[in-house]
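Take a look at the structure below.
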2 protein chains.
Amino acid sequence: MTKGTETRTAILDEAADLASRVGLGGLTIGTLATQTGLSKSGLFGHFASKEALQIGVLGRARERFVDRVLRPTLATPRGDQRVRALFEHWLAWQQGGFAGGCLFIDAVSEFDDQEGPVRDELLRSERDKAETVMTIVATAVAEGDLAADLDLEQFAFELQGIILAHHYSCRMLRAPDATDRARTAFERLVASARPR
Amino acid sequence: MTKGTETRTAILDEAADLASRVGLGGLTIGTLATQTGLSKSGLFGHFASKEALQIGVLGRARERFVDRVLRPTLATPRGDQRVRALFEHWLAWQQGGFAGGCLFIDAVSEFDDQEGPVRDELLRSERDKAETVMTIVATAVAEGDLAADLDLEQFAFELQGIILAHHYSCRMLRAPDATDRARTAFERLVASARPR
DNA sequence: CCAAGAAAAGCACGACCGTTCGGATGCGTC
DNA sequence: GACGCATCCGAACGGTCGTGCTTTTCTTGG
């Protein structure tokens with residue numbers, strides 16, 4: 001790895017943490033430069049524009065999500081157990097993935113109404129994530145751990161809801177029992193998806 | 001109502017719509033002034049600072065939430081039916097309350113990590129909302145429509161999750177069946193809370 | 001060890017930010 | 001008609017934003 005791409009990823013990692021606190025739009029070249037010990041122009045040289053930087057941050061965050069959540073999940077045995085692993089890793093990600101909560105959740109509510117390349121990239125990323133989630137749940141169905149007639153989209157919808165509620169309860173309300181509540185909700189979801 | 005407070009609320013209404021699209025932090029005095037047909041300074045005269053403006057927006061949004069969701073809900077018969085009304089009005093609010101989705105959801109993920117008066121006000125508002133929701137659910141318990149040993153906090157947590165997933169699915173993914181999915185999830189939640 | 005090229009710094013720009021200030025304008029009151 | 005008060009305006013402030021240019025410093029392959 002050449003020096004250029006090395007500092008580039010270092011910048012993106014720092015930027016992702018910063019953006020998880022102040023949002024992708026709140027990202028500033030100046031503060032990001034200070035944070036990384038670079039000059040404004042020195043940093044800017046790695047990106048064509050601020051928009052390109054934001055998209056780069058999303059890409060880097062995706063890599064980290066794959067490393068911290070998806071890869072460990074896929075390393076567990078197929079079926080029920082894997083769905084559980086996905087949920088647990090996902091929960092852990094939201095608290096330890098970035099300095100200020102899940103970057104994607106923040107980015108979604110920031111860019112859901114702002115058309116443009118950033119939203120497009122984010123949408124692609126979210127669709128991809130949903131697809132992966134449904135695939136994992138589908139294997140649990142194939143294994144017979146979940147009902148054969150399970151509505152995958154509905155399951156993914158409700159799982160996403162639990163994750164979002166956990167993030168909300170955790171980051172905004174700072175409720176100490178947020179994780180317990182999320183687990184309880186998850187158990188109820190899985191129980192209702194069991195084969196009858 | 002004097003002229004001053006009249007334009008003030010007009011400003012706040014406009015600001016709320018604008019903020020629902022670009023976020024509370026994305027609010028700018030300049031564009032807001034243009035939007036309302038005022039001069040920058042003329043507009044600014046109504047608020048002590050930009051932060052005060054943001055807090056004012058939250059207050060105005062709360063008023064609108066009470067008018068559009070809470071008041072109609074409390075006008076329906078106590079119990080099961082009222083919980084249902086709350087959910088339906090809440091869903092409608094998310095699509096029709098503001099130009100760019102629910103302002104509170106946007107504000108939460110924007111300010112959950114930014115200490116200060118805005119976050120404090122937002123937290124107060126959210127706590128208050130949760131309290132109201134739990135009160136409404138509690139009446140359904142008292143009426144015998146829901147189980148006597150129902151965990152109110154857990155119910156509120158999961159209901160919030162459905163609302164958030166709906167917002168996510170609606171505003172970001174633009175899924176046409178988001179409302180149906182939310183209703184299905186709600187039915188499952190209520191069913192599991194029924195007395196046994 | 002040196003030259004070629006990449007990487008970072010330095011500097012400056014135009015635009016826009018929140019905010020301040022002095023002065024118009026209109027409106028009730030003596 | 002003169003006054004005080006509320007409302008709004010235009011102009012300007014210092015600061016920060018993203019983004020180009022030019023120059024210096026560092027990295028690296030032969």
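Each chain gets a letter, A, B and so on, in the order its sequence line appears, and its residues count up from 1.
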Inset, instruction - Would you tell me whether A/R82 and A/T73 have side-chain atoms, one donor and one acceptor, within less than 3.5 Å of each other? - result: no
Inset, instruction - Establish, from distance only, whether the side-chain atoms of A/R181 and B/Q154 form a donor-acceptor pair under 3.5 Å. - result: yes
Inset, instruction - Decide, yes or no, whether a salt bridge links B/D128 with B/R62 under the criterion of side-chain N to carboxylate O below 4.0 Å. - result: yes
Looking at [X], I'd like to know whether one of its side-chain N or O atoms comes within less than 4.0 Å of OP1 or OP2 on [N].
| X | N | result |
| --- | --- | --- |
| B/T7 | D/dC8 | yes |
| B/H46 | D/dA6 | no |
| B/T2 | D/dT7 | yes |
| B/T28 | C/dC17 | yes |

Inset, instruction - Could you pick out which residue, B/L43 or A/K50, lies toward the 5' side of DNA chain D when each is mapped onto its nearest nucleotide? - result: B/L43
Contact class for [X] vs. all strands (heavy atom < 4.0 Å): base, sugar-phosphate, or nothing?
| X | answer |
| --- | --- |
| B/L38 | sugar-phosphate |
| B/G26 | nothing |
| A/L27 | sugar-phosphate |

Inset, instruction - Could you grab the distance from atom CG of B/L152 to atom OG1 of B/T135, nearest 0.5 Å is fine? - result: 8.5 Å
